[in-house]
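A short write-up of the structure that comes next.
A quick note: this is a predicted structure, and the numbers were derived from the prediction, not measured. In what follows, every chain begins at residue 1, and chains take the letters A, B, ... in the order their sequences are listed.
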Amino acid sequence: MLLNRVAYSADRVISKISRWLHSVGVSILAAMMLLTFADVALRYVFNRPISGSYELTEFMMAVLLTFGIAYCAVVKGHVTVDVVVSRFPQRVQAIIDSITCLLGLSLFSLITWQCILYAAEKYGSGHGSVVLEIPIYPFIGLIALGSLVFCLALLAHLIEFLSQAVEK
Amino acid sequence: MTPLTVGIIGVCVLLVLLFSRMPIGFVMGLVGFAGFAYLVGFEGGLGVLRTVVYSTFADYGLSVIPLFILMGSFCFYAGLSKDLYDTVHSWLGQLRGGLAMATVGACAGFEVIRSACFSAAFGSRS
């Protein structure tokens with residue numbers, strides 16, 4: 001089966017990339033924890049909080065979420081309701097899954113495209129954050145990168161579901 | 001179609017897609033985008049898509065959720081939740097309905113620890 005083999009190798013490549021992104025995101029989560037702790041502790045003890053920690057947390061959130069979303073798709077961790085579909089025969093399940101996967105893929109390819117445009121727009125206007133004046137376009141670009149990898153993961157799933165639907 | 005009809009159709013599509021095993025977040029995003037694009041136009045829908053994605057991802061209020069889950073993982077791997085549960089279970093376990101009472105008691109114990117941390121962390125922000 002050609003489709004099956006394509007699905008297998010695509011899944012391997014995507015899981016490697018998304019695992020790498022995921023470990024970057026997890027390190028950012030650790031940094032976010034330390035930043036919040038340091039902010040609170042400094043405010044309490046010395047009455048001198050880290051300025052702009054609010055904005056830093058926001059930027060970290062953007063990177064953390066977008067780098068985690070592809071890995072979550074690879075391990076099929078996104079929350080779904082399967083009380084109805086899991087009662088259907090295997091082939092019907094594969095067909096329904098490929099349709100919903102296609103819908104998700106179209107939504108996230110639109111998001112990727114729009115985020116690239118938005119990043120270009122923010123790069124042109126030089127818009128930055130309020131306190132630290134960090135430009136925000138790199139973070140929008142990272143969201144575009146994360147959703148691009150997520151689209152590739154959805155594409156790999158789509159090929160897998162299609163091969164399940166085609167085979168006997 | 002009036003906006004009300006579009007809304008009702010949108011809710012129906014939302015339910016159908018939810019029960020067809022599509023991830024919940026994507027269903028909401030897709031239905032919201034499609035409804036907005038139908039009412040305002042495709043360009044307007046794309047404009048919402050580009051701004052809302054960034055402002056939702058980079059949200060300070062939502063940063064509580066990953067940190068909270070991280071705290072839960074720490075408590076789980078440190079054996080804190082198990083110890084709390086075992087304590088309350090050895091107090092109340094032999095009573096009738098002891099399992100349920102032990103669960104509630106363990107939750108209460110966890111809540112005591114959690115809210116002490118939380119009031120320290122967030123009380124000073126206001």
Side-chain angles (χ1 to χ4, degrees), chain A residues 25-26 29-30 32-33 36-37 39-40 43-44 49 54-55 57-66 68-69 72-73 76-86 93 96-97 99-101 103-104 106-108 110-111 113-119 121-122 136 139-140 143-144 146-147 154, chain B residues 13-37 42-75 116-126:
Chain A
V26 166
L29 178 62
M32 202 162 97
M33 176 188 77
T36 307
F37 174 75
D39 186 35
V40 171
R43 182 176 341 101
Y44 242 126
Y54 189 91
E55 289 165 0
T57 308
E58 281 188 348
F59 289 143
M60 284 176 173
M61 270 299 281
V63 181
L64 167 67
L65 290 192
T66 190
I69 194 169
C72 192
K76 302 206 166 127
H78 284 294
V79 181
T80 58
V81 181
D82 66 346
V83 278
V84 181
V85 179
S86 56
Q93 282 191 27
I96 292 175
D97 279 340
I99 293 169
T100 55
C101 207
L103 286 175
S106 50
L107 176 70
F108 272 85
L110 282 177
I111 286 178
W113 174 46
Q114 288 302 315
C115 278
I116 292 171
L117 292 184
Y118 193 44
E121 188 185 299
K122 288 289 177 191
I136 69 170
F139 300 98
I140 303 171
I143 290 181
S147 59
L154 281 181
Chain B
V13 173
L14 181 89
L15 288 175
V16 169
L17 284 178
L18 271 185
F19 282 103
S20 65
R21 204 157 69 176
M22 192 170 169
I24 294 170
F26 311 165
V27 176
M28 290 177 168
L30 188 67
V31 172
F33 166 69
F36 198 88
F42 190 64
E43 285 293 314
L46 289 181
V48 167
L49 211 57
R50 71 165 75 171
T51 48
V52 164
V53 169
Y54 177 72
S55 63
T56 311
F57 273 27
D59 187 12
Y60 187 78
L62 285 181
S63 74
V64 172
I65 296 172
L67 290 173
F68 204 89
I69 295 171
L70 182 68
M71 182 186 70
S73 307
F74 282 155
C75 293
C117 308
F118 257 49
S119 54
F122 288 93
S124 55
R125 195 168 270 289
S126 53

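- No other option in A/Ile136, A/Ile140, A/Asp97, A/Ile116 has as many heavy-atom pairs under 4.5 Å with chain B as A/Asp97.
- In this structure A/Gln93 satisfies the side-chain hydrogen bond (donor to acceptor under 3.5 Å, both in side chains) test together with B/Arg21, sequence neighbours excluded.
- Only the side chain of A/Phe108 comes within contact range of chain B, judged by heavy atoms closer than 4.5 Å.
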Listing, residues 23-33 of chain B side-chain donor-acceptor contacts under 3.5 Å, not counting sequence neighbours, or none:
none

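- Nearest heavy atom pair, residue B/Ala58 against residue A/Met61, reads CA-CB, 4.5 Å.
- Taking both residues in full, the closest heavy atoms of A/Leu154 and A/Cys101 are given as O-SG, 3.4 Å, listed atom of the first, atom of the second, then distance.
- Contact between B/Ser20 and A/Ile96 at its shortest, heavy atoms only, is O-CG2, 3.5 Å.
- Residues of residues 43-50 of chain B lying under 4.5 angstrom from chain A, judged on non-hydrogen atoms, are B/Leu46, B/Leu49, B/Arg50 by number.
- Between A/Gly146 and A/Ile69, the shortest heavy-atom contact is O-CG2, 4.5 Å.
- Contacts of A/Glu55 with chain B are absent, with no heavy-atom separation under 4.5 Å from either backbone or side chain.
- Looking only at distances, no side-chain donor or acceptor of A/Thr66 sits under 3.5 Å from a matching main-chain atom of A/Ala62.
- Interface remark: A/Val83 contributes side-chain atoms only to the contact with chain B (heavy atom separation under 4.5 Å).
- For a residue to count as touching a neighbouring chain, one of its non-hydrogen atoms must lie under 4.5 Å from one of that chain's; by this rule B/Leu62 touches chain A with backbone and side chain alike.
- Contacts between A/Ile111 and chain B at a heavy-atom distance below 4.5 Å involve backbone atoms as well as side-chain atoms.
- For chain B, the nearby part of A/Leu64 is the side chain; its heavy atoms alone come within less than 4.5 Å.
- When all heavy atoms of A/Cys115 and B/Val53 are compared, the pair lying nearest together is SG-CG1, 4.2 Å.
- Under the ring-ring contact (aromatic ring centres under 6.0 Å, His included) criterion, A/Phe59 pairs with A/Phe139, sequence neighbours left out.
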